[in-house]
Each structure stands twice: as structure tokens, then as C-alpha cells.
Amino acid sequence: MSTTTAFAIEGTYMPMGHTATAQAGSGGLTATEHRLANGLRVVLSEDHLTPVAAVCLWYDVGSRHEVKGRTGLAHLFEHLMFQGSAQVKGNGHFELVQGAGGSLNGTTSFERTNYFETMPAHQLELALWLEADRMGSLLTALDEESMENQRDVVKNERRQRYDNVPYGTAFEKLTALSYPEGHPYHHTPIGSMADLDAATLEDARQFFRTYYAPNNAVLSVVGDIDPEQTLAWIEKYFGSIPSHDGKPAPRDGSLPDIIGEELREVVEEEVPARALMAAYRLPEDGTRASDAADLALTVLGGGESSRIYNRLVRRDRTAVAAGFGLLRLAGAPSLGWLDVKTSGDVEVPVIEAAIDEELARFAEEGPTAEEMERAQAQLEREWLDRLGTVAGRADELCRYAVLFGDPQLALTAVSRVLEVTAEEVQEVAKARLRPDNRAVLVYEPVAPAAGDAADDTEEAAAAGADENEEAAK
């Protein structure tokens, strides 16, 4: 079935003569693009396999848009968006979605804030109405009481996920080391306690007026949908929301390819084991070099078959956990995130020497044919798992539309990973995975203070491994 790409002009859909056909490498998936008169971009993807529909709304605003002294506003506003709007009071958004059998949430990153619902297909209209109501009318419900309520929620989230968890501030510390003072990515989305306290109601109102406009958003709907009816609902509920043209451009996040020196910080805290964490400056997301870097990190540290895991955990038995992952960023260099927890009384220099040896060997030899095949299969599976769910596909369509201007790129991401050669993987590893291109964090345990509980070991073991994903929320 083919569907026309359309633009809404004064409530009328004008076919542009572009049919949606499955692109090479898309696995048969299709998406159609539309734009309302107020600038809202809409991406639709039919999938009648199950009777559900996913709604995903990305606003082009994240912590990189914040200014010094007002960090954390993007994340605070993510919470405020669930605090009520003109026709939906208090916790009503959650209650209505969950009462209809759906699920929902929102997240904040350096580069965007997103909101999403997965609904039974016959409840799609409800989700669209809810998103439109808060986009168009949140300011009417935003007051000092809701501001204080959500400020306290965010501060408590910071305590629970960052300040009071072993290794909890690792991502924040490494980000600050990796990006210089004044860089838009120097601070993480969670924000500082001082800045959260300093944020005023007028700050929040101005933030909403600037960034929460239809022409600064992409709406994707994926699943068991009727495209014509879905577009009609979107026009009905979103079409009258006015656009806003006062958004400032994000600050330049570009940096040299190489840091030029090793940056290091030693942290003495109550942690269950010594740890070595490092962030390597890698190519920006959306590039072929970024895909090559992803494959390099997968070979080196992506799971129990990886080189670093085999060396440290299985062979040397100097670590209990070891992994390498890629934090993809479009507006600044991405970060290759290394996380190793030591075994017993093993000293960090022993771990570091083994890692540098493995990185040097990889840079010299590159990946074997078997390693390339396994790494590409691993990333292919992860991508297909993501695109295979309506919620995952909706999110990726929004991501590519907001960050790279073309949602169709989401449907061909797998083929781009499979096109990367072993030589390209070796090249990016040799150029970037080196001691003068990393920020290093070393954790040294200290004894708990008198009276402190010392029973956090099990909970802490997993905390550091997940921290980069949580911190990017």
C-alpha cells in the first residue's frame, strides 16, 4: 500500500506526489512525512501486526541549549509537562493513559526532550489529544505550586540516581572532564542542585515559550493506524497551536578530534570496589566513522565475547566487570565509555596497562573477519529489535528527523552498519582509542564513616554499568 506525502495547508491535505516505498535495507518498513501549517513535522509508519499504536513527540531542546546558572531546566520541564495542562489537571495525563490500557513516559538528553505513549490502537486519539493539550496550554496550568512540586521531585531524583549511589556521579564527572568549561555538553541533563534551586517560575515559562512550539517538534505515530484518520486527528488537535520563531541556535559543540592529553581525576568514595572509567572522544553521530567506532567498541568491549572482557575477566581475572559502549552525540564528539570494576585487591594500574595493551594490539592488527561478522550481527540485532517495536521505531523516526533532518535514515541504519569495512574500524581505533584522547576516572574505596550502613554492595555492582544511560536521560 502506498501513501502520499502530504502537507497541511489551512486544514487541507495537499498531496505532493511522493509515494512511500520501502527503501533498500529498510526491511520492508515504510514511513511517510507530513508538515502542518504551523511547522509541526509528522512521521507516520503503518504496522498492523499487533493492535497497538505508539505516539512519540521529540522537542528539539536538551541540556546543550541551557546556559550557565540555569542547568537542569530541560529535565525539570520534562517533569512539569506531566503536572497538568488546561483540560488535564494534576496527574491526569498518567491516569488517562494508564486507564485506557496504555503506557507512557518522557526523557531528557543533551540534545532533545521526548514524550511517548503506547496505546491500544482504538485509544490513539486520546494520546494525540493529550499531547496537543499540553503543547498548546501548559502555561495556563503552570504555577508556583507545580513548580515547587516538580523541583523537589527532580532534586530527589538526583539524590537517588547520582549523589547517593556508588559511582553515581561518574558520568557527570567524566562529561565535565571530556568537554571543557563553557562547552554546551560540559554539564549533564540532571543539572546542579544550586541551579535547580535558582530556577524561577518565569524561567520555566520563558523556556516553554521558546522551545515548546510545534515548529520545534517532530511527532511520529507508528502501529495499527489509518494514516488518513490519524492525520485528521493531528490536524484537529495540533493545527491551531501557534508556532514560535524566537528559538536561539544551540551553541557550537565542535572540538578537535583529539583531546591532546590524558585528563585524570581520582575519586575517593565509599564504593564496593576499585573502578577504572574512561571516556574517549569519538566521531559525531550520523557519520560513517561513528558506525565504525561503534563496531570497534563492540569488538573490544561489547559483551562477554569481547576482547577486553576476555582479557580482564576470563583470562587475567583482574576484573569482575568490563565493558565498552558508545554514547552517540550529534552536536559534539561522541564518547566511547569504558567501565571496569576490579577484582579483589587488584590495583588500577594493572587494569590500565592491560587495556592499553589490548587497544594498541587492536590498532595494529584491526578486527579479525570473525570479530567483524560477530560485531555487525550484534549491532544488526540491536537495531532490528529497536525497529521491530512500534515504540522503538517511533523514537528512531523522531531522532533522525530532529537530529539529521531525515526520518527515513532510521529505516536504513542497519545497512549502513553492515557496509563498514574492517579497515575503517581499525582506522578509527588507531586514530582515537589512544591515551592522549581520553578522560580517566579512578575510584579508590574508603572505609564508611562511623554509623554508616555498609550493605550497599549488591545494589552498587550494577549501578556504574548503567549510569551513562541513566545520566543521558
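Each residue takes its place number in the sequence, starting with 1. Note that the coordinates shown come from a computational prediction; the quantities given were computed from them, not determined experimentally.
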Is the ring pair [X]/[Y] parallel, tilted or perpendicular, if the boundaries are 30 and 60 degrees?
X: Trp383; Y: Tyr400; value: tilted
X: Tyr185; Y: His183; value: tilted
X: Phe77; Y: Phe208; value: parallel

Determine whether the side chains of [X] and [Y] contain a donor N or O and an acceptor N or O closer than 3.5 Å.
X: Tyr280; Y: Arg438; result: yes
X: His79; Y: Glu157; result: yes
X: Gln426; Y: Glu364; result: no
X: Thr412; Y: Arg416; result: yes

Original post:
Do the side chain of Arg281 and the main chain of Pro256 share a donor and acceptor less than 3.5 angstrom apart?
Top reply: yes
Original post:
Is a side-chain N or O of Arg314 found less than 3.5 angstrom from the main chain of Glu304, in a donor-acceptor match?
Top reply: yes
Original post:
Would you say the ring centroid of Tyr309 lies under 6.0 angstrom from that of Phe324?
Top reply: no
**OP:** Rounded to the nearest 0.5 Å, what's the gap from OH on Tyr115 to CG on Leu104? Could you check?
**Re:**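 It is 12.0 Å, given to the nearest 0.5 Å.
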Subject >> Considering all heavy atoms, the nearest Ser334-Leu329 contact >> reply: OG-N, 3.1 Å
Original post:
So, do Trp58 and Leu403 sit near enough that their side-chain heavy atoms are less than 4.5 Å apart?
Top reply: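 Answer yes - side chains close enough.
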